[in-house]
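All figures in this text were calculated on a predicted structure; none of them were measured in a lab. Residues take their numbers from the sequence shown, with the count starting at 1.
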Amino acid sequence: MTLETCYQQLGGSYSEVHARIPSDALIKKFVAAFLKDTSFSDLCGAMDASDRTTAFRAAHTLKGVCANMGFEKLRSSSSELAERLRNESDTIPAEAFSLLADVKSDYQRTVDAISAFLSED
C-alpha cells in the first residue's frame, strides 16, 4: 500500500499534506506517530466521565492533529463534536454522544488504514 492509498482509505488529503511536507518519509513518520497520540482516548474517557471541559479540549486537539495531517474525515467529525462541546455549560449536550459515535467510527477507519500501511512496510 502506498502512502497515497492509505490517505484514500482513511478519507484524507494526501496531496494537501504533501504540499506542506514534501517528504514521504517525514509524512510517514508523522502518520505513525498519530497512533501514539492520546487525544482520542482522552476524549472517550472525558465523555464517559461527563467532563465537558476535558472532552472539548481533547476533541479540539484531535481536530487540530487531523487538520495538520490531512485526515479530513476524522477532522470533520471531531470538529463537529468540538463545536457541540464548546458551550460553557457544565453538562455534555445529548447530541454530543451521537457525534462521538461518528468520531469513533472515523478514528477506527483512520487507525485501520494506518496500521495496514505500516504493516506492509
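The two residues R84 and P93 come nearest to each other via the heavy atoms O-CG, 3.3 Å. Residue A113 comes nearest to M1 through the heavy atom pair O-SD, 4.0 Å, listed as atom of the first residue, atom of the second, then distance. Heavy atoms only, all atoms of each residue included: A67 and R20 are closest at O-NH2, 3.5 Å. When all heavy atoms of T110 and L10 are compared, the closest pair comes out as CA-CB, 3.8 Å. The two residues A59 and L43 make their nearest non-hydrogen contact at CB-CD1, 4.0 Å. Nearest heavy-atom pair across L35 and S115 is CD1-OG, 4.4 Å.
Remark: the T5 side chain and the T2 side chain contain an N/O donor-acceptor pair separated by less than 3.5 Å. At a cut-off of 3.5 Å, with distance as the only test, no side-chain donor of D112 or Y107 sits close to an acceptor on the other residue.
F30 places a side-chain heavy atom less than 4.5 Å from the side chain of M69. You'll find the side chain of E4 stays beyond 4.5 Å of the side chain of H18, heavy atoms only.
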Under the criterion side chain to side chain contact (heavy atoms under 4.5 Å, CB included), I'd like the reasoning laid out for Y7 against E72: C-alpha separation, chi angles, the key distance, then a yes or no.
CA-CA 9 Å; Y7 267 81; E72 202 46 44; over 6 Å; no
Given side chain to side chain contact (heavy atoms under 4.5 Å, CB included), test R52 with N87 step by step and report yes or no.
CA-CA 9 Å; R52 188 207 52 81; N87 68 37; 3.4 Å; yes
Worked check of side chain to side chain contact (heavy atoms under 4.5 Å, CB included) between E83 and R86:
CA-CA 5 Å; E83 289 309 309; R86 184 179 291 278; 2.9 Å; yes
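By the neighbour-count criterion of 12 heavy atoms within 6.0 Å, atom CG of D90 is sparsely surrounded, having that number or fewer from other residues, nucleotides or ligands.
In this structure S39 satisfies the side-chain hydrogen bond (donor to acceptor under 3.5 Å, both in side chains) test together with D37, sequence neighbours excluded.
One distance of note links CD1 of I114 with OG of S119; it measures 12.0 Å at 0.5 Å rounding.
The six-membered or imidazole ring of F71 lies near that of F34, with a centre-to-centre distance under 6.0 Å.
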